[in-house]
Amino acid sequence: MNYWLVKSEPSTYSIDDLKKEKQTFWSGVRNYTARNNLKAMAKGDICIFYHSVKDPAIVGLCKVVKEHYQDPTTDETAWVVVDVAFLEKFKKVIPLGEVKNHPKLANMELLRQSRLSVQKVTQEEFDYIILLANGK
DNA sequence: GCCAACGTTGGC
DNA sequence: GCCAACGTTGGC
């Protein structure tokens, strides 16, 4: 089982939207590295939901419920989606500025390669983020 | 295969 | 709105 981080601009699709819908297909990835990460996701993997651009922060969790398949929003066969289900919205979100303050999170791809929209997260990083979200 | 030009993402 | 980082495209 693996951990991931997926990004979305809240004005496009927020954690609240996912909470309302309970489940969605994660579409719109048009970058090969991110696409490869989508393909590597397995059912049951956990994804950290990150809001980019406006109030950038780690805001919650979702779960892979269906592995990758052709992106229904395009005819180009290069692109795929996965289905994710809402798990939780953190009561205490973790702003990007705070992520930067924690040495244990300093190596996150989020900080090193900020443009990648689907990233791998290590078990250690994930555990620490859960600690922070629970008020530390 | 190299590299310049250009477009996009995302933080601030 | 600006700019840095990065990916993609296209000329050679």
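Quick caveat, the model's predicted, so the values are computed rather than measured. In what follows, chains carry the letters A, B, and so on, assigned in the order in which the sequence lines appear, proteins first and then strands, with residues in each chain numbered from 1. All values below come from the heavy atoms of this structure, side chains included, with hydrogens, waters and symmetry mates left out.
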If you measure from the Lys or Arg side-chain nitrogens to the Asp or Glu carboxylate oxygens, is any gap between A/Lys63 and A/Asp45 under 4.0 Å? no
Quick one, A/Tyr3 with A/Gln119, criterion side-chain hydrogen bond (donor to acceptor under 3.5 Å, both in side chains). Give me CA distance, side-chain angles, the key distance, then yes/no. CA-CA 9 Å; A/Tyr3 299 99; A/Gln119 316 181 344; over 6 Å; no
Using OP1 and OP2 only, check whether a side-chain N or O of A/Gln113 sits under 4.0 Å from C/dG7. yes
Looking at A/Lys92 and A/Glu98, is there a salt bridge between them, counting it only when a charged N and a carboxylate O are closer than 4.0 Å? yes
Atom CZ of A/Arg115 and atom P of C/dG7 are separated, to the nearest Å, by 7 Å
Thinking salt bridges, do A/Arg30 and A/Asp71 make one under a 4.0 Å N-O criterion? yes
May I ask you to list the residues of residues 46-58 of chain A, by number, that have any heavy atom positioned under 4.0 Å from an atom of DNA chain B? A/Tyr50, A/Ser52, A/Val53, A/Pro56
Protein-nucleotide distance (A/Arg30, atom CZ; B/dG10, atom P), rounded to Å: 14 Å
May I ask you to check if A/Lys89 and A/Phe86 form a cation-pi contact, with NZ or CZ under 6.0 angstrom from the six-membered ring centre and within 45° of the axis? no
Examine B/dG10: is either OP1 or OP2 under 4.0 Å from a nitrogen or oxygen in the side chain of A/Lys7? Give yes or no. yes
Whole angstrom value for the distance that separates P of C/dC6 from CD of A/Gln119: 12 Å
Under a 4.0 Å heavy-atom cut-off, which of residues 93-100 of chain A touch DNA chain B? A/Leu96, A/Lys100
